[in-house]
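What follows is a single structure, written as structure tokens, with notes after it.
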Amino acid sequence: MESKTTPDFRSIFESLPENYLILLPDTPHFTIVAVSDAYAKATKTVREQILGKGLFEVFPDNPNDPKATGVANLTASLNRVLVNRTIDFMAIQKYDIPRPERGPGVFEERYWSPDNSPICGEDGSVTYIIHHVTDVTEQEMLLRMYGGSQTDGKEAGAGHITQVKRMEKIMIEREVKMSELKKEIEALKGKQ
């Protein structure tokens, strides 16, 4: 007889090859309760050092960038998830990450394509929020480089179209992965 074991969902989540956080819906803190390895690597953080902390305590706006809107935009998205109880896709965000190992107040310029999804309890209330980001810094830098190019319009336009197609592919892949993850979560909720 084959024995059934309960999967170790924490290990599965932490090993996902995408950048995920699980947050509590405790606005305005949005406490971090789980971190995928990929997310920790992408943001140059250590899981044990960010678990239990508020999202914006770990990832504040860059104080050296007076135009920084990452905290405000992400807060608005997370609050929409709480109100609407549906996934919220955000536009590409400039959201620099702290680099304390380089010195106090040092941030690294980064661009992200984020989305936020609710996990709802039986009563329909949001119990957790899945925060997913795709690092699009390289693509954004390339687009900026093409935008400032002194080459003729054909070359710049062709480069821009190639980058837009790459971005579309990333978005489609991300949407498929999110759909698959939501199905897995719903299946897991049904097994409880």
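If you're wondering where the values come from, they're calculated on a predicted model, not measured in any experiment.
Although no hydrogens or angles enter the test, the distance criterion places a donor-acceptor pair under 3.5 Å between the side chain of Arg85 and the main chain of Gly124. No donor-acceptor pair under 3.5 Å is formed between the side chain of Lys44 and the backbone N or O of Ala40. Within the 3.5 Å criterion, the main-chain N or O of Glu18 finds a donor-acceptor partner in the side chain of Ser36. The closest donor-acceptor contact from the side chain of Arg47 to the backbone of Val35 lies under 3.5 Å. With hydrogens and angles ignored, the 3.5 Å screen pairs no side-chain donor or acceptor of Asp115 with any backbone N or O of Asp88. The closest donor-acceptor contact from the side chain of Asp61 to the backbone of Val71 lies under 3.5 Å. Within the 3.5 Å criterion, the main-chain N or O of Phe59 finds a donor-acceptor partner in the side chain of Tyr95. At distances below 3.5 Å, not a single donor-acceptor pair connects side-chain atoms of Ser113 with backbone N or O atoms of Ile92. With hydrogens and angles ignored, the 3.5 Å screen pairs a side-chain donor or acceptor of Asn64 with a backbone N or O of Gly105.
A salt bridge links Glu108 to Arg102: one of the charged nitrogens lies within less than 4.0 Å of a carboxylate oxygen.
In this structure, OG1 in Thr45 is found 4.0 Å from CD1 in Ile50, a value given to the nearest 0.5 Å. The CZ atom of Arg110 lies 8.0 Å from the OG1 atom of Thr43; values are rounded to the nearest 0.5 Å. Going from atom OG1 of Thr75 over to atom CG of Leu55 covers 7.5 Å, rounded to the nearest 0.5 Å.
A donor atom on one side chain and an acceptor atom on the other are found under 3.5 Å apart for Thr137 and Asp135.
The side-chain heavy atoms of Pro7 and Ile12, taken from C-beta on, include a pair separated by under 4.5 Å. In this structure, the side chains of Tyr20 and Ser117 stay at 4.5 Å or more apart for every pair of heavy atoms.
Counting all heavy atoms, side chain and backbone alike, Val58 lies closest to Pro98 at O-CG, 3.6 Å. Across all non-hydrogen atoms, the minimal contact from Val126 to Val81 is CG2-O, 4.0 Å. Residue Leu82 comes nearest to Ile129 through the heavy atom pair CD2-CD1, 3.9 Å, listed as atom of the first residue, atom of the second, then distance. For the pair Pro114 and Val133, the tightest heavy-atom approach, listed with the atom from each and the gap, is CB-CG1, 3.7 Å.
Between Phe30 and the choices Leu78, Leu74, Asn116, the side-chain contact (heavy atoms from CB on, under 4.5 Å) rule is met once, by Leu78. Here the rule is side-chain contact (heavy atoms from CB on, under 4.5 Å) with Tyr111, and of Met141, Gln93, Gln139, Glu138 only Met141 fits it.
Heavy-atom neighbours of Phe13 CZ from other residues, nucleotides or ligands within 6.0 Å: above the threshold of 12.
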